[in-house]
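What follows is one structure encoded as structure tokens, with my remarks underneath.
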There are 2 protein chains.
Amino acid sequence: VSGHALLILSRHAPDYERLIRAAALPQLTIAASPDGQRLSDTAAACDVIFGEPSLIAPVLTQLRSARWIQSTWAGVEPLLNPALRRDYVLTNARGVFGALMCEYVFGYMLAHERLMFAKRDAQRQGRWDPSPPGTLRGKQIGLLGVGTIGAALARTAKHFQMRVKGFTRSSEQCRDIDEYYHDDKTAFARGLDYLVCIVPNTAATRHLVDAALLEALPAHAVFINPGRGAAVDETALAAALTSGRLAGAVLDVFQTEPLPGDHPFWRIPTLIITSHTAALSAPADIVPLFIDNYRRLIADQPLRYQVDFDAGY
Amino acid sequence: VSGHALLILSRHAPDYERLIRAAALPQLTIAASPDGQRLSDTAAACDVIFGEPSLIAPVLTQLRSARWIQSTWAGVEPLLNPALRRDYVLTNARGVFGALMCEYVFGYMLAHERLMFAKRDAQRQGRWDPSPPGTLRGKQIGLLGVGTIGAALARTAKHFQMRVKGFTRSSEQCRDIDEYYHDDKTAFARGLDYLVCIVPNTAATRHLVDAALLEALPAHAVFINPGRGAAVDETALAAALTSGRLAGAVLDVFQTEPLPGDHPFWRIPTLIITSHTAALSAPADIVPLFIDNYRRLIADQPLRYQVDFDAGY
């Protein structure tokens with residue numbers, strides 16, 4: 001019987017191993033997790049790799065038998081380095097972050113509408129603060145990117161009776177988008193109360209959120225980025241916030257993480273920093289993707305969520 | 001032609017008058033809004049009164065021709081004073097607060113899950129804080145009261161993939177409730193992550209949230225009250241929070257409002273005070289209720305949302 005050997009490279013390796021073992025997958029041997037970056041011969045000979053791209057990339061040259069790598073993350077940037085080999089199937093995590101992203105985006109939009117931080121400060125001063133909060137109902141949200149996460153956000157926006165604009169390259173498949181845009185970023189930005197950036201990190205999305213886009217937003221708008229830091233021109237964003245041309249921003253991702261201590265973002269009071277925690281990969285969500293793909297592997301079916309190395313997602 | 005004369009007694013009288021005039025209702029004269037508490041003879045002779053119960057109750061004896069009073073609020077406590085006349089039809093605002101209540105309750109639940117205040121404090125200290133947030137998905141919410149507001153909350157809870165327990169006197173009409181309770185408060189409270197109190201203020205609901213109910217909640221639970229202050233035994237709640245037997249509370253309403261400066265609630269760091277702003281009556285929401293009821297009045301049809309003075313809602 002020809003079997004498969006699995007190597008798990010993850011900060012949550014014990015959780016992942018427990019959940020994968022519980023599935024009792026046929027023809028699968030699980031190699032011991034490595035200590036440090038030196039792989040054992042058994043580990044290096046595995047044909048199936050599962051884990052975080054940041055941990056896999058540094059040892060990719062040692063993984064000479066790797067045929068399939070399943071990323072626990074949506075973003076696979078570390079594995080897209082052109083110096084690395086690409087002679088294997090790379091699949092990423094998709095379709096599992098929508099619910100968490102909704103909690104993040106709608107949580108912070110509601111915090112903004114309900115004046116939560118100002119009311120908290122008033123309370124700390126012992127002050128009864130009846131200032132009237134706003135409401136999401138009737139407001140307009142713009143989604144920069146309408147993949148599975150964008151579709152989940154659009155559906156929740158509809159639940160809260162918002163109007164939804166979507167900016168995509170071409171597709172118009174999500175029915176919860178009221179108005180699609182494909183080229184004109186400034187027309188898309190006009191009239192938005194909230195702009196949410198959920199594009200993948202590719203050459204085409206680099207600095208998609210630039211001075212022109214930010215200038216087209218109304219002054220009361222709030223920009224939310226749980227996507228990728230590279231999609232934002234951080235200098236232009238800092239200028240828009242500092243001058244008050246933009247009311248606020250909620251940022252989970254940055255060009256450099258952790259955000260350097262001397263970065264101007266730390267000193268902008270209308271900016272909220274959430275330290276790349278918007279949608280952390282939960283083992284219970286990710287393992288079913290691996291199991292589904294493993295069953296496809298042994299049935300000689302195409303794997304789901306294959307990454308196109310050139311497109312970058 | 002026998003017509004009707006309307007008196008508006010509201011802090012937002014100009015907004016209400018503008019919206020009602022725009023509807024051009026037949027046979028309706030609108031009296032000038034009074035300056036202070038002394039009504040003109042024309043005002044005192046109006047048969048239809050529209051406004052805030054707190055402004056209507058003090059002049060009710062002068063309103064000798066009042067036949068129908070439409071409250072802009074859901075709660076009508078000031079008009080339930082047994083010393084006041086009850087020989088008129090009292091209707092309240094219902095069915096319009098669900099969306100705002102959802103924004104309030106889910107906003108604060110998400111703020112709790114996402115550690116928003118702790119992350120805000122970390123940011124103010126210039127600290128990158130990757131501590132993992134929680135999620136509403138899979139958590140359990142208990143609704144104390146399942147009227148139109150409870151039904152709206154249940155629907156939003158389902159959107160966020162929560163499990164929903166409902167405590168009602170008898171009805172089981174809302175399909176988004178997974179499990180109904182009618183008598184056993186402690187069985188209802190067991191296992192809840194969030195308890196939300198949305199009962200009206202009646203003799204039967206006074207101190208419904210008492211030491212026994214709070215003790216039955218898990219220690220990690222959060223109590224949210226956007227309903228009525230009288231439903232809560234504030235001494236018991238303060239004790240549960242101070243001892244750490246209960247993780248947190250979000251309170252919009254209190255026995256006495258504004259909350260007195262020496263109230264122990266001001267000194268409990270796990271308690272959030274939102275100063276009776278959870279679901280403010282918006283003229284654009286309330287006027288359609290009045291218009292609908294006015295059309296019923298002139299068509300000799302029963303008015304909607306009539307208050308039962310004895311039941312108290």
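Proteins get letters first, then strands, A, B, ... in listed order; numbering begins at 1 in each. Note that these values count all heavy atoms, side chains included, but never hydrogens, waters or copies made by symmetry.
The two residues B/E103 and A/T135 come nearest to each other via the heavy atoms OE2-OG1, 2.8 Å. A/A111 approaches B/M116 most closely through the heavy-atom pair CB-SD, 3.8 Å. Of all non-hydrogen atoms in A/A99 and B/R137, the two that sit nearest each other are CB-NE, 4.2 Å.
Options B/G261, B/P130, B/A282 differ in how many heavy-atom pairs under 4.5 Å they form with chain A, and the most are formed by B/P130. Contact count versus chain B (heavy atoms, under 4.5 Å) is highest, among A/E113, A/R267, A/E257, for A/E257.
Within a 6.0 Å sphere centred on CD of B/Q125, heavy atoms belonging to other residues, nucleotides or ligands number more than 12. In this structure, A/R11 places its CZ atom where only 12 or fewer heavy-atom neighbours from other residues, nucleotides or ligands lie under 6.0 Å away.
Checked against the 6.0 Å centroid criterion, the rings of A/F117 and B/F117 qualify as a close aromatic pair.
Only the side chain of B/L280 comes within less than 4.5 Å of a heavy atom of chain A; its backbone N, CA, C and O stay farther away. At a 4.5 Å heavy-atom cutoff, the contact between B/H276 and chain A is made by backbone and side-chain atoms alike. Proximity to chain A (any heavy atom under 4.5 Å) is shown, for B/D262, by neither the backbone nor the side chain.
Interatomic distance, CG of B/L110 versus CZ of A/F106, reported as 10.5 Å (0.5 Å rounding). Considering CD of A/Q123 and OG of B/S275, their distance stands at 8.0 Å, rounded to 0.5 Å.
The side-chain heavy atoms of B/I273 and A/K119, taken from C-beta on, include no pair separated by under 4.5 Å.
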What verdict does the side chain to side chain contact (heavy atoms under 4.5 Å, CB included) test give for A/D121 and B/R120, after you've listed the backbone C-alpha separation in whole Å, the side-chain angles of each residue and the deciding distance to 0.1 Å? CA-CA 11 Å; A/D121 291 342; B/R120 177 82 165 161; 5.7 Å; no
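Residues of residues 149-158 of chain A lying under 4.5 angstrom from chain B, judged on non-hydrogen atoms, are A/R155, A/T156 in numerical order. For a heavy-atom cut-off of 4.5 Å, chain A lies close to no residue in residues 225-238 of chain B.
Relative ring orientation between B/F160 and A/F160 is described as tilted, the plane-to-plane angle lying within the 30° to 60° band.
Side-chain atoms of B/R114 come within 3.5 Å of backbone atoms of A/T277 as a donor-acceptor pair (strictly under, hydrogens ignored).
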